[in-house]
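Sharing a structure here in structure tokens format.
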Number of protein chains: 2
Amino acid sequence: MAGNKENQKKDTTTEGKIKEAARTVFYKKGFAATRTRDIAEEAGINLALLNYYFRSKAKLFEIIMVEALADFVKGLLTVLNDEKTGLEKKVQEVAGRYIDLLLEEPEIPTFIVTEIRSNPEGLLKKLPIQEVLSKSVFFRQHREAVEKRQITQPDPLHFLMNMMGLVVFPFIAKPLIMGGRKMQAQEFNVLMQERKALIPVWVKAMMKAK
Amino acid sequence: MAGNKENQKKDTTTEGKIKEAARTVFYKKGFAATRTRDIAEEAGINLALLNYYFRSKAKLFEIIMVEALADFVKGLLTVLNDEKTGLEKKVQEVAGRYIDLLLEEPEIPTFIVTEIRSNPEGLLKKLPIQEVLSKSVFFRQHREAVEKRQITQPDPLHFLMNMMGLVVFPFIAKPLIMGGRKMQAQEFNVLMQERKALIPVWVKAMMKAK
DNA sequence: GTCTATAACGTGATAGAC
DNA sequence: GTCTATCACGTTATAGAC
């Protein structure tokens, strides 16, 4: 969890402060809308130091982006490739871990989606997600469950999109459904806590629906 | 469907060409990353004409944004407030209409999400979504179904988030799961066509799960 | 390592000829 | 209405003193 604020000691070095500030601002505004001055101000340091420690805005951004992808995509693949857990447990794991992660860093999904749109080639060619998925334990277990008639939905992509959509979509749509009102932040948290238990039940029901 | 390319005759006036080009580029790159020169080039017109017809980049953007919201949010509220349809039919309507819309304009969701993040106050204060939803026919029907024990999930927000997530999330995650490979565009279309029929079945199963 | 001052560049917008 | 040329400004990045 490279980018997780909670799980690492606060880095008080100048370099660390810049990186933390960069993550905060990039997550909130995206690469194009972020000015290096914003990051310097957020970090409480001089603008020139940003270029001293990291060569450029683009280079700093790439570090943040790679860590965000590591947090998100790689963490997912780890769960999906666990030989020791079955499909139901995997859904529980994904729901539990990701909702906790996203309650701490709610801006990660929108950040990743936005920046990949701007640069589909750059970072995605390095992770051949399609291939990795098709060889995953998750896909194999899904295929076996279909053969055993435990699941009616034959396409594992539907399964995956449904599970991830149930987990991630509320965080993406939060500004729309919550209307930006601070008062409802707590209400949102309660909803997401409920979903940790509900999503496994829902997914199970969906995948067995006729 | 103000911004729907397919349903309107191609506007060949200079003003129309600029607006279409603006939609294309803004949808793809967002406001901050878009240069007025990009729009002019896409439209095949001179840069100065953009400022002649629309006062500024910001003003042109607002037009595109308002139309995107009209396409998306207002269309949804229309369906959800239809007195003549029940819950099941509403899910069918949303799935059918939105998947068709998004197959034509797949970039709308990411566009809206991105730009609302940058400007949560501006356009959202005008649409008090939270209030509109709580008074909607959809919410009332949901409450009635819960009272009649036809649905086990008591919170209509879960219902709404699940339905919308199942419809919209694949389009948001498309660059990730499809990896940007053109070859798989057709495969994606097939999946989405399947979902038009599957989502109503899934939602029904979910909301009755114990 | 950290600062101030400034260079180098890109972008939004306009003036003015046609 | 449409073009070319240019201005005005903000931003990234660096030079150079401390």
Side-chain angles (χ1 to χ4, degrees), chain A residues 9-68 111 114-115 117-119 121-123, chain B residues 9-68 107 111 114-119 121-123:
Chain A
K9 293 178 183 61
K10 203 170 210 168
D11 191 342
T12 56
T13 66
T14 300
E15 185 173 351
K17 283 192 293 182
I18 295 174
K19 208 168 123 182
E20 265 190 44
R23 178 156 42 237
T24 301
V25 182
F26 280 140
Y27 276 11
K28 188 154 65 191
K29 314 214 298 183
F31 178 79
T34 293
R35 299 169 304 154
T36 52
R37 286 168 169 79
D38 298 333
I39 299 174
E41 187 183 358
E42 172 78 23
I45 55 96
N46 188 279
L47 172 58
L49 289 177
L50 189 150
N51 293 85
Y52 175 76
Y53 282 101
F54 307 87
R55 262 173 47 86
S56 68
K57 175 187 174 184
K59 193 68 193 155
L60 176 54
F61 175 80
E62 200 193 332
I63 293 172
I64 302 300
M65 183 54 158
V66 167
E67 287 190 2
F111 171 73
T114 305
E115 301 305 331
R117 170 182 68 162
S118 308
N119 185 7
E121 328 297 328
L123 289 158
Chain B
K9 292 177 183 62
K10 203 171 210 169
D11 191 342
T12 57
T13 66
T14 299
E15 184 172 351
K17 283 192 293 183
I18 295 173
K19 207 169 123 182
E20 265 188 43
R23 178 155 42 235
T24 302
V25 182
F26 280 140
Y27 275 11
K28 187 154 66 191
K29 316 214 298 183
F31 177 79
T34 293
R35 298 170 304 152
T36 52
R37 285 166 170 80
D38 297 333
I39 298 173
E41 187 184 0
E42 173 77 22
I45 54 96
N46 188 279
L47 171 59
L49 288 177
L50 190 151
N51 293 84
Y52 175 77
Y53 283 101
F54 308 88
R55 261 174 46 87
S56 68
K57 176 187 176 185
K59 192 68 193 157
L60 176 54
F61 175 80
E62 201 193 332
I63 293 172
I64 303 301
M65 184 55 156
V66 168
E67 288 189 2
E107 285 146 326
F111 171 74
T114 304
E115 301 305 332
I116 278 180
R117 170 183 67 162
S118 309
N119 187 6
E121 328 297 329
L123 289 158

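Residue numbers begin at 1 in each chain, while the letters A, B, ... track the order of the sequences.
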(request) Please list, in 5' to 3' order, the outermost nucleotides of DNA chain C lying under 4.0 Å from any heavy atom of chain B. (result) C/dT11 to C/dT14
(request) Sequence neighbours left out, what passes side-chain contact (heavy atoms from CB on, under 4.5 Å) with A/Ala48? Give chain and number order. (result) A/Asn46
(request) Can you sort out the partners of B/Thr12 under side-chain hydrogen bond (donor to acceptor under 3.5 Å, both in side chains), two or more places apart, ordered by chain and number? (result) none
(message) Any non-hydrogen side-chain atom of B/Leu60 less than 4.5 Å from a side-chain atom of B/Thr36?
(response) no
(request) Nearest-nucleotide wise, let me know which of B/Leu49 and A/Glu15 is further upstream toward the 5' end of DNA chain C. (result) A/Glu15
(request) Quick one: which residue pairs count as a salt bridge (charged side-chain N to carboxylate O under 4.0 Å, His left out) with a foot in residues 34-44 of chain A, not counting sequence neighbours? (result) A/Lys29-A/Asp38, A/Arg35-A/Asp38
(message) I need the full list of salt bridge (charged side-chain N to carboxylate O under 4.0 Å, His left out) pairs touching residues 51-61 of chain B, with sequence neighbours left out, sorted by first then second residue.
(response) B/Lys59-B/Glu62
(request) Please name all residues satisfying ring pair (Phe, Tyr, Trp, His ring centres under 6.0 Å) with A/Phe61, sequence neighbours left out, ordered by chain then number. (result) A/Phe26, A/Phe31, A/Phe111
(message) Tell me if a side-chain donor or acceptor on A/Arg117 pairs with a main-chain N or O of B/Tyr27 at a distance below 3.5 Å.
(response) yes
Please list, for nucleotides 11-14 of chain D, all pairs of protein and nucleotide N/O atoms separated by less than 3.5 Å.
from   : atom 1 : to      : atom 2 : distance (Å)
D/dT11 : OP1    : A/Arg35 : NE     : 3.4
D/dT11 : OP1    : A/Arg35 : NH1    : 3.2
D/dT11 : OP2    : A/Arg35 : NH1    : 3.0
D/dT12 : OP1    : A/Thr34 : O      : 3.4
D/dT12 : OP1    : A/Thr36 : N      : 3.1
D/dT12 : OP2    : A/Thr36 : N      : 3.0
D/dT12 : OP2    : A/Thr36 : OG1    : 2.7
D/dA13 : OP2    : A/Lys57 : N      : 2.8

(message) Which residues pass the side-chain hydrogen bond (donor to acceptor under 3.5 Å, both in side chains) test with A/Lys19, not counting sequence neighbours?
(response) A/Glu67
